[in-house]
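Order of appearance sets the numbers: ligands from 1, and atoms from 1 within every ligand. Everything quoted here is computed from the prediction, not taken from an experiment.
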Amino acid sequence: MTVEHRVLLGIGVSAGTAHGAIAVVSPAPTVDPNEPKTTDVEAATETVSQALESVSDMLYERAENASEKAQEILKATAKMAHDRGLKKAIVNELKGGAGITRAITDAVQKYVDMFIKLGGYMAERATDLYDVRDRTIAVVRGLPMPGIPQLTEPSIIVARDLAPAETATLDPDFALGIAIAEGGPTSHTAILAAQLGIPAAVRVGQILELAGPAQEQGAKIAIDGGVGEVIIAPSDEDIALLKERSERREAALADSHGIGLTYDGHKIALLANIGTAEDAQRAAEYDVEGAGLFRTEFLFMGRESAPSVAEQTEVYTQVFRAFGDRRVTVRTLDAGADKPLKFADLGEEENPALGRRGIRLTRIREDLMDAQLEALAAAQKATGADVRVMAPMIATTEEAKWFADKAHAAGLTSVGVMIEVPAAAINAATILSHVDFASIGTNDLAQYTMAADRMQGELASLLDVWQPAVLRMIRKACQGGTATGKYVGVCGEAGGDPLLALVLTGLGVQSLSMAPPKVGAVRVSLKLHDLSTCQQMAAYALDAPTAKDARAAVEALVHPDVKFLM
Ligand code: PEP
Ligand code: MG
């Protein structure tokens with residue numbers, strides 16, 4: 001039977017085209033709701049033993065062909081499947097009469113709870129244990145293995161959504177593209193895919209329903225991560241067209257180098273968003289003027305205790321060294337809400353995104369802020385680097401002042417704030433009078449202006465930076481910069497969009513920070529337009545009644561070559 005040719009449209013979040021095999025990520029299986037209670041403990045024990053054995057074999061086999069980093073993870077997990085204590089705990093549950101998948105689930109949970117109490121390295125094994133649980137249940141229930149399947153040929157990953165850890169371990173040699181059913185343009189998957197330069201689209205409706213059966217029949221899939229197009233069973237013409245688009249894009253980007261300039265020479269600094277020391281190494285290879293956003297929370301996440309001052313100093317030193325004499329803008333710890341920290345848990349909150357996150361958390365846990373500033377100052381001193389620090393989630397002048405005083409006391413000289421809360425945008429002039437610069441976080445600014453959770457993919461149209469209300473917030477922040485003579489940049493995802501970059505420039509933004517693979521297209525787009533055109537685009541977009549109209553008004557003024565950059 002031939003697979004039906006289907007073209008699906010999602011939201012493009014990482015430009016580039018690719019085609020390959022379909023690799024559907026299966027969800028984790030749950031307890032079998034229909035399983036009987038265990039009466040024959042011996043037989044049930046045998047089933048569990050065999051399932052654990054086959055999980056362990058599978059993982060070792062996969063480790064053999066994996067990258068060094070993935071190998072370590074896979075072997076550690078395979079070892080877990082062999083753990084005698086775990087098996088004993090499952091058998092105990094079986095003896096109590098629990099059905100097989102219920103016994104596995106409950107025993108693993110008890111084991112995890114015990115590990116967490118032990119803390120440190122043991123607690124970090126919780127993820128491995130859950131992985132063993134899911135795989136073992138999949139074997140017992142005869143369901144497909146959960147998680148990213150082993151890729152043996154160039155493939156496009158298709159999933160409901162991907163965890164940041166899953167995205168980060170993708171092997172770019174085999175994972176040629178990502179098509180996500182849910183997620184949103186500012187979700188972590190989208191940010192990481194762009195960071196890795198893997199073509200990706202989110203909110204691709206129906207992709208899961210269609211890709212599973214198509215995969216079973218060996219069909220191929222193609223993606224254009226610029227426009228968000230995904231084609232199941234692409235024809236030869238489709239592939240030729242994508243190839244042509246890709247070649248045109250490459251040709252358009254071929255001459256992209258040097259500092260960011262509009263056609264008439266107005267300067268816009270082009271900077272990289274980074275999250276780790278490895279990112280810094282990669283990003284420093286790009287033609288960028290430095291880092292405009294170093295998301296330091298990656299160093300704190302998934303840990304039982306905060307990294308020490310010495311450990312932080314070491315990482316910050318590596319990052320600063322990678323950029324040499326180019327600027328590095330460090331954002332202090334932005335934890336809470338979608339980035340929880342075990343060691344800084346302030347208790348349950350009804351609305352974590354509106355709760356004690358970002359600067360609100362570090363004002364309560366001042367020790368975390370002090371240690372981080374101390375480490376940043378030490379790394380700055382050791383390297384002599386151009387370091388700028390900024391705090392996330394600033395809403396009031398007091399918060400800005402509190403942070404500036406602390407950063408200065410630690411010996412840091414260039415101090416700024418993120419503008420991502422509408423209160424800070426509205427009050428930008430007053431806030432900026434206490435600091436040296438501001439960077440607009442368009443991801444959160446859109447979330448809070450539109451009262452739309454950025455984790456909620458269904459709200460993508462409200463989270464759109466083209467929403468005139470969001471653009472007006474950005475303008476307000478820029479006006480604050482003009483009034484005080486202070487520098488205002490953008491470091492949210494909007495900065496990496498070749499079209500929005502023009503509007504942001506027209507609104508008065510002085511730098512754009514983005515995933516490094518996006519810099520080339522933004523540089524070319526700027527070069528094709530003069531400042532007065534950008535200003536006109538901004539004026540039209542601000543006055544448009546809807547996000548769609550705003551985009552259409554700008555598209556009417558745009559240079560025709562910009563379409564080759566998407
Ligand atoms: C933002 O909110 O736009 C931003 C850059 O920060 P993050 O995406 O890390 O919240
Ligand atoms: Mg933010």
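Distances from the Mg ion (ligand 2) to each N, O or S atom of Asp444 single out OD2 as the nearest. Its N, O or S atom nearest to the Mg ion (ligand 2) is what matters here, and for Glu420 that atom is OE1.
A salt bridge is absent between Arg326 and Asp386; no separation between the charged side-chain nitrogens and carboxylate oxygens falls under 4.0 Å. Residues Asp444 and Arg357 are paired through a salt bridge, judged by an N-O separation under 4.0 Å between the basic side chain and the carboxylate. A salt bridge links Asp287 with Arg523: the closest approach of a Lys/Arg side-chain nitrogen to an acidic carboxylate oxygen falls below 4.0 angstrom. Ionic pairing of Arg363 and Glu398 is not present here: no N-O contact between side-chain nitrogen and carboxylate oxygen is shorter than 4.0 angstrom.
With hydrogens left out, the protein atom closest to atom 10 (O) of ligand 1 is Arg454 NH1, 2.8 Å, a heavy atom. Here the protein heavy atom with the shortest distance to atom 6 (O) of ligand 1 is Arg331 NH1, 2.9 Å.
Of all atoms in ligand 1, listed by their number and element, those nearer than 4.0 Å to a heavy atom of Gly492 are 3 (O), 5 (C). Of all atoms in ligand 1, listed by their number and element, those nearer than 4.0 Å to a heavy atom of Cys491 are 5 (C). In summary, the atoms of ligand 1 found under 4.0 Å from a heavy atom of Glu420, numbered by their order in the structure, are 1 (C), 2 (O), 6 (O).
When non-hydrogen atoms are compared, ligand 1 lies under 4.0 Å from the side chain of Leu293 (C-beta onward) but not from its backbone. Under 4.0 Å from ligand 1, not a single heavy atom of Gln447 appears.
With no hydrogens or angles considered, a side-chain donor-acceptor pair links Thr296 and Gln372 at under 3.5 Å.
At a 4.0 Å cut-off, not a single heavy atom of Glu493 sits close enough to ligand 1 to count as contact.
Of the residues listed (Val227, Asp464, Ile180, Val202), the one engaging Ile11 in a side-chain contact (heavy atoms from CB on, under 4.5 Å) is Val202, and it is the only one.
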